[in-house]
Every structure is written in C-alpha cells, then in structure tokens.
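Chain letters run A, B, ... following the sequence lines, proteins first, then strands; residues in each count from 1.
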Protein chains: 2
Amino acid sequence: MENELFKALADPTRRTILEKLAHESMNASTLRDGMNISQPAMSQHLAVLCKARLVRQERQGRYINYEVDPDGLVAIANWLTRYRAYWPQKIDALKSLLEEMDP
Amino acid sequence: MENELFKALADPTRRTILEKLAHESMNASTLRDGMNISQPAMSQHLAVLCKARLVRQERQGRYINYEVDPDGLVAIANWLTRYRAYWPQKIDALKSLLEEMDP
DNA sequence: AAATCATATAAGCAGACACTTATGTGATTC
DNA sequence: GAATCACATAAGTGTCTGCTTATATGATTT
C-alpha cells in the first residue's frame, strides 16, 4: 500500500536503516551498531519497513538476515511516473539511474 | 532537505493535492473542490508542500496559482539512485519513466 | 480609500508516532 | 531437554501532526 510506503520513509531512523542495508545485508543486532537505539525500537522499525516492502527478512540459522526489498523501491518509481510530465529537460538524476540498468 | 520531502509525502491528503496539481495547476480554493477540508487546512498543506519543493506558487492577479515543482521530484529520483543496485532485471516502472524523456 | 475576496496565521485539541522498559516467543546449541 | 540468544510483543509516555474555528494579512476592485 502506498501510504505505508511513504509513512515508512518519513522517519529518518528508518531511512538510515534502509541505507545501511543497501550497503550490506545484516541482522538486527548488527544494524544497531553505531545507532543509539534500543533493540525493540529496531525491531519495530524493521517491522514497518517489511510491511512497506522496503525490506525483507530471511532466517539464517540463529539470526534473521534483513535485506533491501526491491518491491518497495519499484513502487516509488511507479509513483514517480505519474509526474513524468514535470521532469526538467536536464534529468541528471534519472540519467544516472538508467546508466546502471541494462536496456 | 530530505526529511521535509518525505514527511510531506507521508500524508495522503498532500499526495492527493500533488496529484491534482500534476493534472492541472490551480489556486487553493479550486483545489478544495471535492476535498472535504477547510481553507486553513489546505493553506497549511500547501505550505508544507512548498517548503519541500514539491509545489511552487505564483501570484496571478487576485489568486495564487499553485503548480508542481520539479525540484522535489528530482530530489526523490536522486534519493532512489542510492538503491540502483537493487533494481530487478525487469524495471517496467523505470522503463516507462524513461520513454517519456528525451535522451 | 473602502470594501472585498483569497490566502495566511493563531490557538487549541485529539489522535498518531517513536521511544522506552519489561516480558514473551521461538529457534539453536550444549 | 534445558539454557541461551536473537528477535518480537506489551504497555506506557512525551512529542509531533493534522485538524478545527477564529482572526489577520494583503492584494484587487470599485
């Protein structure tokens, strides 16, 4: 759902979590390193991100490994397409996005 | 600022306003048509959207005309580029985004 | 210049949200 | 199978947010 997606992204702590996961998948405890946040808080944030399909989990023995879920990102891109008429002529941001993808 | 951007988009009423403006620029009073919302509420929402650079205003005689501001949209696209490694092979959403733009 | 009309601000309130501590669950290891 | 360890849920609290009504601002029109 669209609302869950944007609400999930509205919190800076969750965006930080997402960015960390984009760099490397890891479990919840490792995610906490360097972030001044309690264990339940991290658990709650991850639940919100999972529900928004921005993150997905996969049990890995004793730990649960969290990783970026492309589904949520695609949903944002889809949302952005509604405003394609308003892109400026120079779309550097989109250009770089494209260069990384196979046509 | 990134936080203002996502917080602005986190509210469904504001996303509705943005979508209406994407279809056609208009003033605040016209925007209210069909939306069960008070005049001050609309004014406050527009202020938030303007601050996030998703909407810009331009006085037009007696009215103020509001329109989509590409700056905010580009900022989202920029943010998305951080996760380009996670795009799936089939990127229909992005494809359609590109097809509308001149290379 | 006075009146009018579109928009902005003030003040206050109810609900949502992010955080905490305490406790529960559930898989793994010894 | 009992202990352990990662993670989830419960319950409570302060703050933020979006809404309202009332009032102010500020440009336009007569």
Rounded off to whole Å, could you give me the CD-to-P distance for the A:Glu58 and C:dA27 pair?
-> 16 Å
B:Leu9 versus A:Trp79: any side-chain heavy-atom pair under 4.5 Å?
-> yes
Is the phosphate of D:dC19, meaning OP1 or OP2, less than 4.0 Å from a side-chain N or O of B:Ser38?
-> no
Out of D:dC7, C:dC5, C:dT21, whichever nucleotide has its closest atom nearest the side chain of A:Ser43 | D:dC7
Determine: side-chain N/O of B:Thr30 to OP1/OP2 of C:dA6, distance under 4.0 Å, yes or no.
-> no
Look at the side chain of B:Arg59 against the base of D:dT28 and say whether a donor-acceptor pair falls under 3.5 Å; ignore hydrogens and angles.
-> no
Would you indicate what A:Arg14 reaches in the nucleic acid, counting non-hydrogen atoms under 4.0 angstrom: base, sugar-phosphate, or nothing?
-> sugar-phosphate
Consider only side-chain heavy atoms of I, L, V, M, F, W and Y, link residues closer than 4.5 Å, and tell whether B:Val68 and B:Val48 are in one cluster.
-> no
B:Ile37 has its side chain closest, among D:dC19, C:dA6, D:dC7, to D:dC19
Within this structure, what is the CD-to-P distance between A:Gln44 and D:dA6, rounded to whole angstrom?
-> 19 Å
Which of D:dC5, D:dA6, D:dG18 is nearest the side chain of A:Tyr63? It is D:dA6
A:Ile17 has an atom CD1; how far is it from atom P of D:dC7, in whole Å?
-> 13 Å
Which of C:dT7, C:dA18, D:dA8 is nearest the side chain of B:Tyr66? It is C:dT7
Measure the distance from CD1 on B:Ile64 to P on D:dT25 and round it to the nearest whole Å.
-> 16 Å
From CG of B:Asp11 across to P of C:dG15 the rounded distance in Å is 17 Å
Using the closest heavy atom to pick a nucleotide of DNA chain C for each, name whichever of A:Lys7 or B:Ala28 lands nearer the 5' end.
-> B:Ala28
Against the side chain of B:Pro40, the closest entry in D:dT21, D:dT29, D:dC7 is D:dT21
Nearest non-hydrogen partners of A:Leu31 and A:Met42, listed with the distance | CB-CE, 3.8 Å
Upstream residue (5' side of DNA chain C) when B:Ala41 and A:Gly61 are each assigned their closest nucleotide = B:Ala41
Considering all heavy atoms, the nearest A:Ala8-A:Leu54 contact | CB-CD1, 4.1 Å
In Å, rounded to the nearest 0.5 Å, how long is the span from CZ of A:Arg82 to CG of B:Leu73?
-> 12.0 Å
Quick one: B:Met42 CE to D:dC19 P, roughly how many Å, whole number?
-> 10 Å
Write down the distance between CG (A:Leu49) and C1' (D:dC7), rounded to a whole number of angstrom.
-> 16 Å
Proximity to the side chain of A:Ser29 - top-ranked nucleotide from C:dT21, D:dC7, D:dC19 | D:dC7
Could you check how far CD of A:Gln39 sits from P of D:dC7, rounded to whole Å?
-> 8 Å
Nucleotide of D:dT20, C:dT7, D:dG18 approaching B:Asn27 most closely (side-chain heavy atoms) = C:dT7
Just checking B:Gln60: base, sugar-phosphate only, or nothing, at a heavy-atom cut-off of under 4.0 Å?
-> nothing
State the CG-CE distance between B:Leu5 and B:Met1, to the nearest 0.5 angstrom.
-> 11.5 Å
